[in-house]
Amino acid sequence: MSGLERDGAPGEVPVAAPVAVPGAVSGNLAVDVRGVSRVFAGRKGASVTALADVSLTVAPGEFVSLIGPSGCGKSTLLRLIADLDTPTAGEIRVFGKPARQARIDQDYGIAFQQAGLLPWRTVSGNIELPLELHGVGRTARRARAAELIELVGLSEFAGHYPDQLSGGMQQRVAIARSLAESPSLLLMDEPFGALDEMTRERMQNELVRICAETSAAVVFVTHSIPEAVFLSNRVVVLEPRPGRIRDVLRVGLGDTGGRGETLREDEAFFHAVSQVRELLHGEAPAGARGVEAR
Amino acid sequence: MRRSPLPARRFVVGTLGVVLLAVIWELYKLLGPAEGVVLGGVTVLPRTSDIAMPHLWVMAARALEPVTGAGAAVPLWRAVLDASLFTLGISAVGWFVGVTVGLALALLMQRFRLAEAAVLPWIILSQTVPLIALAPLVRRWGSQIQFGAFSWESWMSVALIASYLAFFPVSVGALRGLSSPDANHVDLMHCYSAGWWKTLWRLRLPASVGYLLPALRLAAASAVIGSVVAEVSIGLRGGIGRLIVEYAGAAGGDPGKPWAPIFGSVLLGLVAAGFVGLIGLGLRRFRRGEVAA
Ligand SMILES: Nc1ncnc2c1ncn2[C@@H]1O[C@H](COP(=O)(O)OP(=O)(O)OP(=O)(O)O)[C@@H](O)[C@H]1O
Ligand SMILES: [Mg+2]
């Protein structure tokens, strides 16, 4: 029942070739969030509804961004998918399994806003950490780490410690670490939030390239509209209090391989950006769209 | 990581500090009033007589002479060194036991919230019991322990008291260290489905090193002081504590003599601190985060 995703404004985005999201069955979906709510119990009975009846699907290989004002529950949703938290109501399936099982099976890689590297481990050691924890042999670990370090362009820094790296480099290490076990799903919570604009754009280009190479599905939390539009197949706009999905915009600015610097100057890019901006700032249009945000 | 000055420079500065202290001692002895400085009936600075403040060279010379006038007596420095080593051994046992117990308690409290609530107040309370009250108790209980070939000996009581002082900073410091990792890092380990032991080994223990080292240093100092004081309270012979008390009686006729065991105990403290310093050196990889992160 979940596969039929109707886009917010069909035909308005020029390149939006309506790629039928495959997988009417939950088992074929990377992420399947069904009617999920998360209520944080506060003191003296006061409670915060961080998420109210949110449903969302992510197809394998699809890049989905979550965008919305601060406090609308983006991180909460991501943490629920990662099984770092459990929903008050509803169900979350990752590759057809309960989120908890998916976590135990290491089906996803995760990166947070802070790089979160262990300061006493080198770049290589940090990337090897998940492999080490899951019993991968030393030589295989070394080889995989070297591969990933190459991928994020830090070959000269393999033996450096995090305090010897810039913020952007640390973030790249964190991304490499999240890719260590070749997950088919990546969860990223504002991974470029702390970076300057230039580094950020470079990292975005790198992420697009990495995603093309690994064909992983991505759930990407961001505050930046251009970032969401540039990276995503779909942009999910959330609204706060209570957190729910206001609208879903299919962007589809070419396949991942074809996206490059030129896209940022593209007419379609600006169009999509202003669309997301309207969705973010304007009131949720009543009627059809509200229904759409299932 | 904070850049520490070069070892050579630190050594020079340290030596200068000691020389300065010696100069102050001799200067005060030379220039200070013979009756000391007395303010409102309270002696603020000591008398400068040869008995109260012997010259440094008197102390040094005395250390080279035999302990007593008896023919077969060993040199004073030798007696002090032997006593220091004896006390060092007891302190080391006390330190080791204390560190082990402290770490175990910290792990227990980290693992179980309930344990922290139940145990931590007792740990803090334990340090308010004065050593003097404790020593006879330990001695009496110890004397009742005996099974098979094992019997409780006095030095064990001293080591036990030393460990009693040493475990406290370790348990408190280690608990803080073990709970120090960011929520971020803990979440990450959870994402990796790492269990408590794996999280402990890969995250909590390495993260606690920065807290643990000062605690270990404090524990070492406590163990040494505890041993010295407990030796006196329990009446154990052979250690530096006993020597300090014994030689203090000789101050009148032999002013240089009481200083020898005092320097011996200072040496003891230095060795203990140096030992912990070596541990820190071995673990310095884990101290990178102290400034950076
Ligand atoms: N552990 C928690 N306990 C109580 N309330 C929480 C907790 N975590 C989040 N919340 C509440 O849930 C709501 C959503 O928080 P969340 O962190 O998901 O927002 P966000 O969209 O990620 O915001 P930002 O863009 O600022 O990161 C907020 O109102 C917050 O106060
Ligand atoms: Mg957030």
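Each chain gets a letter, A, B and so on, in the order the sequences are listed, and its residues count up from 1.
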Open item on the list: Need one label for B:His190: side chain, backbone, both or neither, based on atoms under 4.5 Å from any heavy atom in chain A.
Closed with: both

Open item on the list: Only pairs of heavy atoms separated by less than 4.5 Å count here; which of B:Arg202, B:Met189, B:Lys198 has the most with chain A?
Closed with: B:Arg202

Task: Within 45° cone of B:Phe286 ring axis and under 6.0 Å: B:Arg284 NZ or CZ - done: no

Open item on the list: Using heavy-atom distances under 4.5 Å, tell me whether A:Leu187 contacts chain B through its side chain, its backbone, both, or neither.
Closed with: neither

- [ ] For A:Leu186 and A:Val219, run side-chain contact (heavy atoms from CB on, under 4.5 Å): C-alpha distance rounded to whole Å, both residues' side-chain angles, the deciding distance at 0.1 Å, then the answer.
- [x] CA-CA 6 Å; A:Leu186 274 176; A:Val219 180; over 6 Å; no

Task: Polar contact flag, side-chain donor to acceptor under 3.5 angstrom, A:Arg144-A:Ser182 - done: yes

Task: Salt-bridge present (A:Arg103, A:Asp83; N to O < 4.0 Å) - done: yes

Open item on the list: Looking at A:Arg138 and A:Glu128, is there a salt bridge between them, counting it only when a charged N and a carboxylate O are closer than 4.0 Å?
Closed with: no

Open item on the list: If I measure from the heavy atoms of chain B, does A:Gln106 come under 4.5 Å with its side chain, its backbone, both, or neither?
Closed with: side chain

TODO: Tell me, for A:Gln164 versus chain B, whether the close heavy atoms (under 4.5 Å) come from the side chain, the backbone, both or neither.
DONE: side chain

Task: Contacting moiety of B:Asp187, where chain A heavy atoms sit under 4.5 Å - done: both

